[in-house]
Structures are given as structure tokens and as C-alpha cells.
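In what follows, chains are A, B, ... by sequence order, proteins preceding strands, each numbered from 1.
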Amino acid sequence: MNDAAHTGGPTDEQSMWRVQMLDDHEAFALVVDRWEHPILRLCIRMTGDAHRAEDIKQETFARVYSQRKTYRPGGRFSTWLWRIALNLCHDDLRRRRSRIPDHPDPGEGAPEPTDPSTPAAAAAEIEERELLRRALLEMAAETRSAVVLRVCESLPFREVAEILGVPETTARRRVAEGLETLTRLLEPAFATPAADTVGGKAGATRPANLS
Amino acid sequence: MNTEHPNSDHLLAFVEGDAECADPAAIRTHLATCPSCTARAQGWSRTRERLQKMGLPDRSQKRPRARSGGRPRVAAVAALILSAGFCLGRIWRPANPDTATLRAEIRAQLQAEGLSLDAARKAFANDVRAAVSEHPTSNPLQEALRNAMDRTAAQATVDSLREARTQTEILAASMQNARFGDRQAEVGRLEEFRRSVDERFLNMRTDLELLATTADDKLRRANTEISQLAARRAGKP
């Protein structure tokens with residue numbers, strides 16, 4: 001998220017240096033402003049619950065501030081931040097493992113359609129998101145972390161491996177395993193389009209290289 | 001199917017359109033002839049796309065309240081039990097002692113023993129005095145009074161010792177603080193002195209530089225005058 005070069009503002013590392021050395025609240029606000037949405041996305045996908053994710057996001061930034069002196073400016077700030085958020089998600093999942101609801105209440109982080117053109121489309125969208133949410137929760141937390149970081153957050157494998165503290169090959173293997181599991185869980189639930197074949201008019205669902 | 005199945009890493013790189021994919025042409029050729037790998041790649045691709053499109057839940061909804069359906073019921077039952085206990089306590093509480101009756105009973109008892117109230121008071125005062133005195137006691141009441149007073153005195157001594165210790169600690173802490181304050185003040189004074197010395201040194205240096213410059217000018221002027229005089233004298237016959 002170091003878009004500072006484009007916006008002309010300080011980089012995350014520069015802001016964090018100010019937070020670390022000068023307890024600069026404005027610099028910290030800048031960091032939070034840049035990162036709160038990505039961290040919330042990660043937490044939602046990891047926990048499957050928007051409200052818990054909100055709590056974890058806040059705890060993440062609280063921890064970043066309380067542990068600001070331990071941040072090593074040599075490393076990427078984003079890696080450090082993702083790791084804190086992921087650890088908190090894992091802690092939360094461990095605590096609540098036995099309490100993950102099979103059917104969440106509508107108010108308990110249930111997905112809402114972003115642009116429902118018709119009630120049927122809205123219902124289908126909600127159903128699809130719920131299927132995805134539950135499929136993600138079916139996977140082991142380590143695999144889910146790898147998939148979320150790589151596929152949803154589009155991080156390079158090198159950074160995913162660094163965040164997870166594993167070799168890059170392990171990170172690649174976990175993403176492949178995760179995609180395999182998710183596909184196995186999701187494919188029966190979704191109707192596969194007939195034209196979706198190699199060389200056919202697969203449209204948006206074809207692999208990037210299958211053109 | 002004329003090629004080997006690509007492993008997961010290679011297939012993933014291919015599906016992601018990764019520029020570092022080992023040999024995309026070979027994988028594409030393989031996929032054209034292998035339905036199972038094609039289905040796998042397409043499945044992964046669809047899953048990736050679904051995940052990337054997956055929106056976030058609406059967070060504007062109210063946070064669900066903790067599941068506390070039984071709590072109001074428990075609270076109501078507890079309140080009921082407490083109220084019942086309070087009411088029963090009020091009903092069956094023991095009556096206040098009737099001091100007038102007691103006094104009358106004691107007076108009657110004293111009269112029966114042939115004593116007046118004043119005499120009894122005097123006897124009790126004597127007992128207290130005897131308990132306070134150094135003399136050995138024979139009366140059980142005096143003994144009990146003496147023991148009670150000894151206990152009270154011992155407790156008072158312990159309390160006062162504890163209080164004295166606390167006060168001493170407070171005093172020590174204040175002295176320590178005062179010493180620290182003195183040290184700080186001393187350091188401040190030394191710092192002030194050092195600053196003034198530095199300032200004086202700077203002033204002196206400036207003065208000396210000024211003096212040197214002035215002296216240099218005067219010397220130069222004197223030299224010029226000497227040269228002029230010498231030239232004039234040399235010009236005269």
C-alpha cells in the first residue's frame with residue numbers, strides 16, 4: 001500500500017518512523033487511514049464475521065501503536081502489519097473454534113449485495129457470498145491465510161511467505177491446496193457454464209493464460 | 001495426451017498468468033489434450049475470480065447482542081428471592097431490647113442483694129482502679145479488666161509502632177527526594193556557570209580579535225607613514 005510515491009505523502013515506513021520516534025499521532029492516523037480497509041478485508045475473510053473482524057482490526061492498530069518501539073524500520077511495514085493482523089485472527093479463531101456458527105444470523109456479518117439489480121440477483125449474490133464464506137471457513141487457517149493474502153489481496157508470493165513465516169514453495173503449495181479445496185467445495189454448488197471450455201467462449205471465468 | 005500432467009505449482013502459475021510460469025506453451029498444449037487438467041485449471045480460475053469478486057459484508061447493521069435470553073429471567077428470580085428474604089426478615093426480626101425493663105430487673109436484683117445502685121457503681125469503680133494498679137488481683141472481674149486493658153495497650157503499641165515506621169519511611173522518601181532535588185539544583189547551577197564561562201570566553205575572544213585587528217591596522221598605517229617619511233627624506237638633497 002505504499003502509494004506515497006503517487007500521492008506525494010510519506011511512505012508507511014516514514015510514517016511509522018515518526019510514530020516510533022516522535023509518537024506522532026498524525027502520522028499514525030495516516031497509517032491507519034491507509035491500512036484500515038485492507039486489514040478489515042483480511043479479518044473478515046479470515047473470521048467470516050464482520051463484527052469480530054472490526055474488533056480485530058481495532059486491536060491490530062492498537063497493537064501496532066503499543067508495539068511501535070519493536071518495529072524494525074529495515075523491514076516492510078506492510079509485512080509486519082499483515083502478520084500482526086493474521087496472528088490476532090488466528091488467536092480469535094482458536095478462542096472461538098467451537099463457536100463458529102453454521103448459519104449466522106442476518107446481523108452477524110451476513111453478506112449484503114453490493115448492487116442488486118433485481119431481488120433474484122440480490123438473493124443469488126447473497127447466496128454466493130455465503131457459500132464462499134463458509135467454504136473459506138472450512139479450510140485450515142494456515143491455508144486460508146495463504147489464499148486470502150495471495151488471491152484476495154494479490155500480494156506477491158515472496159511477501160505471502162514472509163508474512164506466514166514459511167518458505168515461498170510452501171506458500172505456493174498452500175495456495176494451490178486452498179484453491180483445490182475451495183474448488184471442490186464450491187463447484188458442485190455453482191452451475192458451470194456450458195461454454196466454459198478451453199478455447200471456447202469462457203469469458204471472465206477462464207484462467208488468465210487460457211486465451 | 002502427449003505430455004506429463006503439470007504439477008500444482010506450475011498449474012497455479014499458469015492459472016494466475018504468472019510471468020515466471022516455467023513453460024506456458026507446454027502447459028497449454030497439455031491442457032488441450034487433457035480434460036482433467038483443463039477442468040482443474042478452470043475450476044481454480046473460477047474460484048480465484050469468485051474470491052476476488054467476493055464483496056465485504058455490510059457493517060452498517062447493528063452488532064448482534066450477546067445471547068443473554070436467560071439473564072433477565074435469572075435476574076427477576078434473584079430479585080424475587082431477595083425481596084422475599086427482606087420481607088421475612090422484617091417480619092421475624094427480634095424485638096429491640098427493652099432497656100427500661102432491664103434496668104428495673106437489675107435494680108430489683110441489687111435490692112434483693114441488699115445493694116443500692118450507687119454502691120454498685122462505687123464497687124465497679126474500685127474494681128477498675130484495682131485492675132489498673134500494680135497490685136495483684138483476687139477478683140475475677142478485676143482480672144478480666146486487667147487482661148482487656150493489657151490487650152488494648154499491646155494493640156495500641158503495635159499500632160503506634162507501625163505508624164512510626166510508616167512516618168519514618170515517608171520522611172526517608174522525602175529526604176531522598178530533597179537530596180535528589182538538591183542534586184538537580186546543583187547540576188543546574190553548574191550548567192549555568194558553564195554557560196556563563198562559555199559566554200565570557202566568547203566575549204573575550206571577540207575582544208581579542210577586535211584588538212588584534214585594530215593593532216594590525218595601526219601597524220600597517222605606521223609602516224605606511226614610515227615608508228612615506230623615508231621616501232620624503234630620500235627625495236631631499
Asker: OG1/A:T183 to CD/B:Q42 distance, rounded to the nearest 0.5 angstrom?
Answerer: 11.5 Å
Asker: Within the supplied structure, the quantity of interest is the number of heavy atoms (other residues, nucleotides, ligands) at a distance under 6.0 Å from A:Q67 CD; does it exceed 12?
Answerer: yes
Asker: What's the spacing between A:F157 CZ and B:D9 CG if we round to 0.5 Å?
Answerer: 8.0 Å
Asker: Please tell me if the side chains of B:W44 and A:V151 come closer than 4.5 Å, counting only heavy atoms from C-beta onward.
Answerer: no
Asker: Around atom CD of B:E186, are there more than 12 heavy atoms of other residues, nucleotides or ligands at under 6.0 Å?
Answerer: yes
Asker: How about B:K218: does its NZ atom have over 12 heavy atoms from other parts shown lying under 6.0 Å from it?
Answerer: no
Asker: How long is the straight-line distance from CG of A:L182 back to CZ of B:R48, given to the nearest 0.5 Å?
Answerer: 12.5 Å
Asker: Which bit of A:E177 is near chain B, if near means a heavy-atom gap under 4.5 Å: side chain, backbone, both or neither?
Answerer: neither
Asker: Calculate, to the nearest 0.5 Å, the distance between atoms CZ and CZ belonging to B:R40 and A:R184 respectively.
Answerer: 12.0 Å
Asker: Rounded at 0.5 Å granularity, tell me how far CD in A:E180 sits from CG in B:L11.
Answerer: 8.5 Å
Asker: For atom CZ of B:R195, is the number of surrounding heavy atoms from other residues, nucleotides or ligands below 6.0 Å larger than 12?
Answerer: yes
Asker: What part of A:V147 is in contact with chain B, defined as an atom under 4.5 angstrom from a non-hydrogen atom: side chain, backbone, both or neither?
Answerer: side chain
Asker: Considering only heavy atoms, which portion of A:R150 lies under 4.5 Å from any heavy atom of chain B: side chain, backbone, both, or neither?
Answerer: side chain
Asker: Should the heavy atoms of other residues, nucleotides or ligands under 6.0 Å from OH of A:Y65 be counted, would the total exceed 12?
Answerer: yes
Asker: Which atoms of B:L51 are under 4.5 Å from chain A, going by heavy atoms: the side chain, the backbone, both sets, or neither?
Answerer: both
Asker: Look at A:E187 together with B:R50 and state whether they make a salt bridge at an N to O cut-off of under 4.0 Å.
Answerer: yes
